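Some notes on the structure that comes next.
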Amino acid sequence: MEATTAERRAGGIGSLRVLQITDTHLFADLSGQLVGVDTERSYAEVMEKVLGEFWPVDLILATGDLVHDGSESGYRRFKSQFEDLAVRTLVIPGNHDDATIMRRIFSTGRVTWSGSALLGAWQFVMLDSSQLGSAAGHLARSQLQMLEQCLTSYPEHHALVCLHHHPLAIGCDWIDRIAVDNGRELFEILDRHEQVRGVVWGHVHQEFETIRHGVRLLASPSTCVQFRPGQQEFTIDDVPPGFRWLQLYADGRIKTSIIRVDAAQGGVDLDCEGYR
């Protein structure tokens, strides 16, 4: 359900305005491209829409594949830009990220890689589903234990769980092959904690939503290249980039919508058969 303009700008009583951006795929080179798309320009256009129509926000969630080439300069530029916004921002790595560099650069400040955060009536748990050398996701035992501990420690807070890879099939065969490989273990933990309200992720470069045992499961588009839903093989879509807007209420309700810029980036290679 889409929040009204008034809700976006002012928020309801006790509500949080949360922005999820994902899969920015920035490069050290400001003119870097992914399947013909200038990712820096596309990301800038998304943020222009955020700042012009959806600001202010209380929290930003950046759910992986921040920098396509894993460059330190790319991460430092990303961090600097979001530090300037003066809003707490939680980041996690994706399969294209360099987790070692990220952990060092995002260790302090408003823009951090931290396991969890409390804000208002909500707890945000940030899970690392990346694994070195693989496009697929996996939640290490330490991540699952952290999730269990976070949820056990704050049962009075509604919980939103964030990761990069999708934890269940979304009906897109090629990308379902590189989902989280132990999603069942994740859901076993979530099922034990009734305060969990939603799970959000990136990776799939497309909008997706379903409900499982009363929990909202949400995937969001990239700020650059989009993948066409329901495909057996890698297929680029021609829809515009975007972001997810969430309004989180003190009673546990979630209002959310996908917002896209007005037009898709020019130059996208719709015939591309994959990228690394």
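This structure is a prediction, so every number in the text was calculated from the model and none was measured.
A salt bridge links E185 and R141; the closest N-O separation between the charged side-chain nitrogens and carboxylate oxygens is under 4.0 Å. Between E233 and R177 there is a salt bridge, since at least one side-chain N of the basic residue sits less than 4.0 Å from a carboxylate O of the acidic one. Contact check on E45 versus K49 returns no salt bridge, with no Lys/Arg side-chain nitrogen under 4.0 Å from an Asp/Glu carboxylate oxygen.
The only option from H158, H157, Q123 that meets the side-chain hydrogen bond (donor to acceptor under 3.5 Å, both in side chains) definition with R197 turns out to be H158. None of I258, T256, V199 except one satisfies the side chain to side chain contact (heavy atoms under 4.5 Å, CB included) rule with L218; the exception is T256. For the salt bridge (Lys or Arg N to Asp or Glu O under 4.0 Å) with E72, the qualifying choice from R77, R104, K79 is R104, the only one to do so. Just one residue in the list P167, S129, C162 forms a side chain to side chain contact (heavy atoms under 4.5 Å, CB included) with W201, and that residue is P167.
Applying the 6.0 Å contact sphere to CG of D262 captures no more than 12 heavy atoms from other residues, nucleotides or ligands. Applying the 6.0 Å contact sphere to CD1 of I211 captures more than 12 heavy atoms from other residues, nucleotides or ligands.
Remark: the backbone N or O of F227 is not paired with any side-chain donor or acceptor of H205 at under 3.5 angstrom. Between the side chain of N95 and the backbone N or O of S130 there is no donor-acceptor pair closer than 3.5 Å. In this structure a side-chain-to-backbone donor-acceptor pair under 3.5 Å is missing from R228 to T235. The backbone N or O of R17 sits less than 3.5 Å from a side-chain atom of D58, completing a donor-acceptor pair. Remark: side-chain polar atoms of T22 are paired, donor with acceptor, to backbone N or O of T63 under 3.5 angstrom.
Using a 30° and 60° split on the angle between ring planes, Y75 and F106 fall in the perpendicular class, above 60°. Taking the six-membered ring where the residue is Trp, F243 and F54 present perpendicular rings, their angle passing 60° and hence far from 30°. In this pair, H68 and H25 present their aromatic rings tilted. The plane angle is within the 30 to 60° band.
Side chains of H193 and E148: a donor-acceptor N/O pair is present below 3.5 angstrom, by distance only. No side-chain donor from either of D23 and H96 sits under 3.5 Å from a side-chain acceptor of the other.
Between I105 and F78, every side-chain heavy-atom pair lies at or beyond the 4.5 Å cut-off. For the pair V268/I236, a side-chain contact is recorded, criterion being any heavy-atom separation below 4.5 Å from C-beta on.
Between I254 and W122 the shortest heavy-atom distance is CG1-CH2, 3.7 Å.
To the nearest 0.5 Å, atoms NE2 (H203) and CD (Q206) are separated by 10.5 Å. Atom CZ in F234 sits 9.5 Å away from atom CD in E273 (nearest 0.5 Å). I21 CD1 to I60 CD1: the interatomic distance, rounded to the nearest 0.5 Å, is 6.5 Å.
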